[in-house]
Amino acid sequence: MDHRFVGIPELPDVPRVAVVVDVMRAFTVAAWALSRGAEKIVLAPSDAEALALKESRPGRLALKDGAPAAGFDTVNSPGLIRSLDLVGRTVVQKTTAGTVGALAVASAPLVLCASFVVARATAVLLKTDGSGPVTFVVTGDDGQAAEDLACAGYIGRHLAGGDAEVAPYLHRARTSRAAADLADGVRRGYQGVHPDDVDLCLQVDRFSFAMVARQEGSLTVLRPAAAPDESTEAR
């Protein structure tokens, strides 16, 4: 299946199929939230909109990048999200890269949000859908984030056929600037980072679902989608 890699500023038009990649940490956090029972994730365009969306319905929970902030229930950290009971909850998420990328292509016919923890499921769903070509939106560092490029490359290798040896892709992600920044945040005692965040972001295929973003009224909503059985997909 044909595919290309672009940064958010390079998007020339609305792609047919978009895979928005944010490994550290938006779409690792989103996957963990869904695995903890969240019904859906609403992607917010700003902090103010995130808080307004939270307040508009009882029981919603809001999270953002950075340190804890008034009105937000938690931060964009898989190490913190994994301990929460989110069964039946709606999570409102605002980040500096991942949610921005997803909202930029929200009108595409098919939008998947991805990270290493849902990589294989994402590839299987893409191959089953078969409606490419696929545009990988690399959200970090204006399309240059090593960890996002590594994950997109890993998924792209699956799309090209055959299994991919994951070690080189993980090495690129683990030695990325984003990983170093998170580690530095831990050393400095930064409240928006958990010591396990990098390792959790690099757990390949931790979850068996992909994440599909769709327009629901005026909102862009992320929900889990079970990947088809690969043996069925291969026939």
Side-chain angles (χ1 to χ4, degrees), residues 1-31 33-34 38-46 49-50 53 65 76 90-145 147-160 207-228 233:
M1 184 180 293
D2 291 339
H3 54 272
R4 61 174 178 164
F5 307 102
V6 301
I8 298 171
E10 301 168 322
L11 284 166
D13 49 26
V14 177
R16 173 67 185 81
V17 178
V19 178
V20 187
V21 183
D22 189 328
V23 172
M24 295 185 187
R25 296 167 284 177
F27 297 139
T28 300
V29 167
L34 294 171
E39 177 187 356
K40 61 186 177 182
I41 296 172
V42 178
L43 305 180
S46 68
E49 182 67 14
L53 286 167
D65 279 335
N76 191 49
T90 293
V91 175
V92 182
Q93 185 181 35
K94 167 62 178 79
T95 70
T96 55
T99 60
V100 173
L103 292 171
V105 295
S107 60
L110 177 61
V111 180
L112 303 181
C113 295
S115 61
F116 277 112
V117 296
V118 293
R120 182 179 291 274
T122 301
V124 171
L125 192 151
L126 287 168
K127 288 191 287 184
T128 305
D129 178 83
S131 59
V134 177
T135 297
F136 286 95
V137 183
V138 178
T139 60
D141 290 342
D142 292 332
Q144 300 304 309
E147 71 284 0
D148 293 343
L149 285 167
C151 182
Y154 179 65
I155 297 171
R157 179 66 185 87
H158 279 295
L159 294 180
F207 305 116
S208 60
F209 56 83
M211 299 188 292
V212 180
R214 294 190 176 94
Q215 296 294 102
E216 298 186 11
S218 62
L219 303 178
T220 301
V221 178
L222 191 61
R223 295 181 185 269
E233 177 272 327

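Count residues from 1 along the sequence.
Nearest heavy-atom pair, Cys151 versus Val23, reported as atom, atom and distance to 0.1 Å: CB-CG2, 3.5 Å. Listed here is the closest heavy atom pair of Phe27 and Ala114: CB-O, 3.6 Å. Shown here for Lys94 and Ala50, the closest heavy-atom pair between the two residues is CB-CB, 4.2 Å. Contact detail for Ala210 and Ala121: the closest heavy-atom pair is N-CB, 3.8 Å. Across His158 and Lys127, no two heavy atoms sit closer than the pair O-NZ, 3.6 Å. Here the closest heavy-atom approach between residue Cys113 and residue Ala102 is recorded as SG-CB, 4.0 Å.
No side-chain donor-acceptor contact under 3.5 Å links Thr90 to the backbone of Lys40. Side chain of Thr128 to main chain of Val124: a donor-acceptor pair is present (N/O by atom type, distance under 3.5 Å, no hydrogens or angles). Looking only at distances, no side-chain donor or acceptor of Glu49 sits under 3.5 Å from a matching main-chain atom of Ser46. For the pair Asp148 (side chain) and Val138 (backbone), a donor-acceptor distance under 3.5 Å is absent.
With rounding to the nearest 0.5 angstrom, the OH atom of Tyr154 is 12.0 Å from the OG atom of Ser115. We find the CD1-CE distance between Ile41 and Met211 to be 7.0 Å, quoted to the nearest 0.5 Å. Rounded to the nearest 0.5 Å, atoms CG (Leu219) and CG (Leu103) are 10.0 Å apart. Going from atom CG of Leu110 over to atom CG of Leu126 covers 6.5 Å, rounded to the nearest 0.5 Å. Atom CZ in Arg4 sits 3.5 Å away from atom OG1 in Thr135 (nearest 0.5 Å). Annotation: the span from Ser107 atom OG to Asp13 atom CG amounts to 10.0 Å, rounded to 0.5 Å.
Of the N and O atoms on the side chains of Gln215 and Thr220, at least one donor lies less than 3.5 Å from an acceptor on the other residue. Counting only N and O atoms by type, the side chains of Asn76 and Thr95 include no donor and acceptor under 3.5 Å apart.
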As a quick check of understanding, evaluate side chain to side chain contact (heavy atoms under 4.5 Å, CB included) for Arg223 and Glu216, giving each step before the final call. CA-CA 11 Å; Arg223 295 181 185 269; Glu216 298 186 11; 2.9 Å; yes
Step-by-step side chain to side chain contact (heavy atoms under 4.5 Å, CB included) determination, Asp2 to Val134: CA-CA 6 Å; Asp2 291 339; Val134 177; over 6 Å; no
